Amino acid sequence: MGSATSQARAGIDEALRAQPQAGLDDARELFRASRAIERSSQVLASLGDPVSTPDARAALAHRVLGQLGAPARSIVAHLARQRWSDADDILSAIDAAGIRVAVRAAGDADVAGEIASFQRIVAADAELELALGGLRGSADGKARLVEQLLAGKASEPAAVILDHLVRAPRGRRIGAMLRAAATEVAAAAGRSLATVTTAREIPAPQLDRLRAGLERQYGRTLQLQQIVDPAVLGGLRVSIGDDIIDGTVRSKFTDLRLQLG
């Protein structure tokens, strides 16, 4: 991510503060706007054109998204005023805004946990992973499959976010998309995402103690995402941002092989 984009992403919070009434329907519209802009290379290039003035880019956003409600249209126009290192970065910013609006409408629902749970289901089923992340199949078909899988098992905000992800993969693998979305959701709720990988599922009380210890160590609120991977054999691996604490048996075997080699 370029420096211009890093600075421009600060505009997401500013855009959302200007639209405090934005709700779940507006999140849906932001996701629709992202997909519509992606389909038009000319519009995308114009919205990210550093030579064009911020006012001109904002006016274009209002013009091409005239069918959307005022909150979503205003958020996209605000983002169009920012300077982006790459035109595609504005799509990521619109997606991030949509996720944050959805989380804001989620109330007490654990959206990050729901997305993490869905990620574990997909990772454990190769056929499902291919059906959702493969090149074959229509976007509508993948969205219907997600709807069937989530029926009665996830909050509406989580369903809205997952629907968008499978409709707009943009060359990303399904696992990477879900991890990135869980990170964004956690950030929207004022938390950092900690991914805990173990050979067997950790009981909830033990997981709570682990989270409390990590929060004391890192000095911030954490959202724990648990991944069960029998290949690690034993122990656990914790990933928080760029930090990795690897205490797995598999890692120790790897270290031993390196020493013997």
Side-chain angles (χ1 to χ4, degrees), residues 24 27 96 99-129 132-133 146-163 165-166 173-256:
L24 192 56
I99 288 173
R100 294 189 190 191
V101 171
V103 171
R104 195 162 68 183
D108 295 331
D110 180 10
V111 179
E114 290 170 342
I115 292 176
S117 177
F118 185 78
Q119 180 187 343
R120 290 195 296 270
I121 292 170
V122 172
D125 189 328
E127 290 187 8
L128 178 58
E129 187 171 14
L132 291 175
V146 168
E147 185 178 5
Q148 292 167 4
L149 291 167
L150 295 179
K153 300 175 184 176
S155 64
E156 194 173 2
V160 168
I161 292 169
L162 291 170
D163 174 90
L165 291 179
V166 297
R173 297 178 68 88
I174 184 70
M177 283 196 302
L178 294 172
R179 284 192 295 274
T183 299
E184 191 69 55
V185 167
R191 303 168 184 163
S192 296
L193 186 67
T195 302
V196 181
T197 305
T198 57
R200 300 178 185 82
E201 188 167 353
I202 300 176
Q206 189 176 345
L207 202 61
D208 287 340
R209 289 195 295 272
L210 174 62
R211 181 177 60 248
L214 290 170
E215 287 179 343
R216 285 195 298 272
Q217 181 177 345
Y218 281 85
R220 57 183 186 264
T221 303
L222 298 176
Q223 171 80 45
L224 256 60
Q225 173 185 1
Q226 185 175 183
I227 296 176
V228 177
D229 181 4
V232 304
L233 302 178
L236 58 81
R237 179 171 60 247
V238 179
S239 174
I240 304 175
D242 293 332
D243 287 356
I244 297 177
I245 306 169
D246 196 338
T248 61
V249 173
R250 182 180 183 180
S251 173
K252 291 179 172 60
F253 281 154
T254 300
D255 290 343
L256 180 60

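Computation of the quantities below employed the complete heavy-atom set of this structure, encompassing side-chain atoms and omitting hydrogens, waters and symmetry-equivalent molecules. A quick note: this is a predicted structure, and the numbers were derived from the prediction, not measured.
Qualifying side chain to side chain contact (heavy atoms under 4.5 Å, CB included) partners for Arg237, counting only residues two or more places apart in sequence or in other chains: Thr197, Val232, Ile244, Asp246, Thr248. Listed by chain and number, the residues in a side chain to side chain contact (heavy atoms under 4.5 Å, CB included) with Gln206 are Ile202, Pro203, Arg209 (sequence neighbours excluded). With sequence neighbours excluded, the residues that form a side chain to side chain donor-acceptor pair (under 3.5 Å) with Glu156 are Arg28. A search for salt bridge (Lys or Arg N to Asp or Glu O under 4.0 Å) contacts involving Glu201 returns nothing, not counting sequence neighbours. Scanning for side chain to side chain donor-acceptor pair (under 3.5 Å) contacts around Arg200 gives an empty result, with sequence neighbours left out. For the side chain to side chain donor-acceptor pair (under 3.5 Å) test, residues two or more places apart in sequence or in another chain that qualify with Ser155 are Glu114. Qualifying side chain to side chain donor-acceptor pair (under 3.5 Å) partners for Asp243, counting only residues two or more places apart in sequence or in other chains: Tyr218. Taking Asp208 as the reference, Arg211 meet the salt bridge (Lys or Arg N to Asp or Glu O under 4.0 Å) condition, with sequence neighbours excluded.
Taking the side chain as every heavy atom from C-beta outward, Leu149 and Leu128 approach each other to under 4.5 Å. Phe118 has its side chain out of reach of Ile161: every pair of non-hydrogen atoms, C-beta onward, lies at least 4.5 Å apart. Using a 4.5 Å heavy-atom threshold, the side chains of Leu165 and Ile174 count as separate. For the pair Gln226 and Thr198, the minimum side-chain heavy-atom distance is below 4.5 Å.
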Report, one line per pair, each donor and acceptor closer than 3.5 Å where one atom sits in a side chain of residues 177-187; sequence neighbours left out.
| unit_1 | atom_1 | unit_2 | atom_2 | d |
| --- | --- | --- | --- | --- |
| Thr183 | OG1 | Arg179 | O | 3.0 |
| Glu184 | OE1 | Arg9 | NH2 | 3.3 |
| Glu184 | OE2 | Arg100 | NE | 3.2 |
| Glu184 | OE2 | Arg100 | NH2 | 3.2 |

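Listed by first and then second residue, the salt bridge (charged side-chain N to carboxylate O under 4.0 Å, His left out) pairs that reach into residues 212-227 come to none, sequence neighbours excluded.
Atom CG of Asp110 and atom CD1 of Ile115 lie 9.5 Å apart (nearest 0.5 Å).
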